[in-house]
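Computation of the quantities below employed the complete heavy-atom set of this structure, encompassing side-chain atoms and omitting hydrogens, waters and symmetry-equivalent molecules.
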2 protein chains.
Amino acid sequence: MTVDERPGPDGSLVGHAVGSITRLMRDNDLMPGDRLPSEAELARQLQVSRTVVREAFRSLAAMRIIELATGRRATVARIDHGPMSLMMEHGVQTEQINIQQIYDVRRTIEMRIATLAALRRTEAEAQALAAEAAGLRATVEDPARMVGHDLAFHAILADASRNPVYALIIGSFRGVTSETWAIGWRSRSTPEARERMLVNHERIAAAVAKGDPEAASAAMSDHFDESVRALIVAGLS
Amino acid sequence: MTVDERPGPDGSLVGHAVGSITRLMRDNDLMPGDRLPSEAELARQLQVSRTVVREAFRSLAAMRIIELATGRRATVARIDHGPMSLMMEHGVQTEQINIQQIYDVRRTIEMRIATLAALRRTEAEAQALAAEAAGLRATVEDPARMVGHDLAFHAILADASRNPVYALIIGSFRGVTSETWAIGWRSRSTPEARERMLVNHERIAAAVAKGDPEAASAAMSDHFDESVRALIVAGLS
DNA sequence: CTAGCAAACCTGTATGACAGGATTCGGGGC
DNA sequence: GCCCCGAATCCTGTCATACAGGTTTGCTAG
């Protein structure tokens with residue numbers, strides 16, 4: 001396993017190292033779990049100090065392209081929504097993205113997810129979905145626990161689409177959603193409004209369990225109509 | 001501007017530092033362009049070595065949450081699709097994601113983008129779109145230049161949706177798309193097949209220019225039907 | 001052949017140093 | 001009083017070295 005010396009994109013040595021390490025992974029067809037050369041070895045091959053290799057590793061680890069652990073060599077990582085979630089939170093925090101925009105994207109994507117999940121869900125997923133919908137209803141007095149059920153519900157659904165990219169995107173909204181969820185819930189001030197929210201989840205779960213893609217998609221659409229309305233009531237722009 | 005000392009998520013000092021810096025940005029409402037404390041200053045406040053602060057900075061810079069430059073202080077960054085693009089490439093490279101899955105997501109999202117763009121595009125965007133469609137037709141003999149026009153076409157459209165999250169997601173497919181685009185193009189072996197591809201872009205541009213959301217969405221749907229068929233012909237799973 | 005242990009390897013962090021690039025601030029000219 | 005310029009200062013990028021743990025490897029003893 002050797003590394004070539006093409007200069008990286010920018011003039012920086014770290015940028016160069018990141019490029020070289022990425023190329024090394026690609027050229028050697030490294031798969032998740034495979035081990036990379038040690039920092040010292042890479043430093044030698046790239047003719048830079050260990051500092052530079054370490055910073056390059058940190059960059060790749062931040063994107064969960066590789067995984068670092070003390071004492072162990074760096075390994076190729078499984079893709080994960082964590083970094084994307086942080087990026088989204090940053091976007092919202094710095095007012096480059098607003099919550100309504102995220103909900104528009106979520107509606108678009110989750111309607112498709114519902115369709116696919118209705119066609120592809122396993123029996124276990126159908127049951128897990130029903131359980132999370134029931135969990136929502138059961139914790140109606142404890143918003144802090146409700147948000148966990150809501151997040152889990154949508155995560156299971158995304159997984160059931162059998163397309164990891166959907167799961168990734170939904171996961172990337174996880175941080176933002178968990179921070180704003182309570183606002184939406186509080187804005188549903190009447191028992192009727194709250195009941196609608198609970199029923200919508202149950203409808204989605206039922207349609208997916210029944211394997212009815214149109215009904216699942218329609219229920220998801222209603223769910224987002226209702227949620228977006230709640231957010232508007234709350235004045236979240 | 002000070003930093004508290006809550007321990008980070010994992011035991012690592014770098015993880016702690018990343019958390020503290022993130023919190024510092026949030027608590028002080030730092031906006032893109034604003035400067036962060038210097039490495040030495042943070043090292044002092046967090047009671048860690050500059051090494052740790054630097055690695056934390058690298059992590060945040062990898063996600064484009066902050067921006068680093070020689071001699072200058074780190075600044076809060078504008079959100080950017082670069083890291084997401086690298087993550088997607090990694091996912092495809094390691095066979096955790098396949099091209100068809102990406103195309104399913106793209107179809108879902110770009111149909112919505114077409115709808116929004118038809119409603120919200122500026123005059124300049126309508127013209128730029130037409131120009132890129134024309135560029136595609138003009139460079140039909142040079143796939144390397146064609147892919148640039150295709151990427152630009154979809155990027156302009158995404159921007160015209162006036163929802164940066166759509167632009168972000170489309171951008172995250174940029175790397176993968178540019179690497180597989182040529183395969184799809186080559187698989188369109190007849191002049192008719194190639195003409196269909198060109199016409200579809202022109203139809204989208206025309207519908208968006210006319211401000212007809214249904215037509216734009218339908219044209220986009222046809223575009224993806226055609227593209228996905230081309231990829232299937234090419235045997236890309 | 002296996003279990004266990006020691007050596008070798010490896011990463012996380014700290015310290016100190018220094019070469020440029022960037023910022024700042026004071027002074028001089030107008 | 002204001003603007004421009006240069007020097008002092010600050011700051012980042014990189015290197016070398018050191019050492020405390022954690023991990024892997026390989027040898028040895030039973």
With side chain to side chain donor-acceptor pair (under 3.5 Å) as the criterion, how do A/D159 and A/Y166 come out once you've worked through the C-alpha distance, each side chain's angles and the decisive distance to 0.1 Å? CA-CA 8 Å; A/D159 284 339; A/Y166 286 119; over 6 Å; no

Could you tell me whether the side chain of A/R58 has a donor or acceptor atom within less than 3.5 Å of a complementary atom in the base of C/dG12? no

Rounding to a whole Å, what distance do you find between A/E39:CD and D/dC15:P? 14 Å

For atom CD of A/Q47 and atom C1' of D/dA16, their distance in whole Å: 16 Å

Could you tell me the separation between the CZ atom of B/F57 and the C1' atom of D/dT14, rounded to a whole number of Å? 17 Å

Ignoring hydrogens and angles, does a donor from either the side chain of B/R50 or the base of C/dG16 sit under 3.5 Å from an acceptor on the other? no

Ranking D/dG13, D/dT24, C/dG12 by distance to the side chain of B/T70, first place goes to D/dG13

Tell me whether B/N28 contacts the main-chain N or O of B/L30 through its side chain, where contact means a donor paired with an acceptor under 3.5 Å. no

In whole Å, what is the span from the CD1 atom of A/I66 to the P atom of C/dT11? 10 Å

Has B/R54 got its NZ or CZ under 6.0 Å from the middle of the six-membered ring of B/F57, at an angle within 45 degrees of the ring axis? no

Hey, does the side chain of A/R54 come within less than 4.0 Å of C/dT11's phosphate (OP1/OP2), counting only N and O? no

Looking only at side-chain atoms of A/E55, point me to the closest of D/dT12, D/dT14, C/dT11. D/dT14

Specify the separation, in whole Å, of atom CG of B/L13 and atom P of D/dC19. 19 Å

How is A/T51 classified with respect to the nucleic acid when contacts are heavy atoms under 4.0 Å: base, sugar-phosphate, or nothing? base

Where B/P164 and A/Q96 come nearest, the two heavy atoms and their spacing: CG-O, 3.3 Å

Whole angstrom value for the distance that separates P of C/dC10 from CD of A/E67: 19 Å

Could you work out which one of D/dT24, C/dT23, D/dT12 sits closest to the side chain of B/R72? C/dT23

Expressed as a whole number of angstroms, how long is the span from B/L36:CG to C/dT23:C1'? 17 Å

Can you find a side chain N or O atom of A/S49 that sits less than 4.0 Å from OP1 or OP2 on D/dC15? yes

Tell me whether the OP1 or OP2 atom of C/dC10 has a side-chain N or O from A/R73 closer than 4.0 Å. yes

Looking at A/R78, I want to see if its CZ is surrounded by more than 12 non-hydrogen atoms of other residues, nucleotides or ligands under 6.0 Å. no

Integer-rounded Å distance: D/dT23 C1' and A/L68 CG: 15 Å

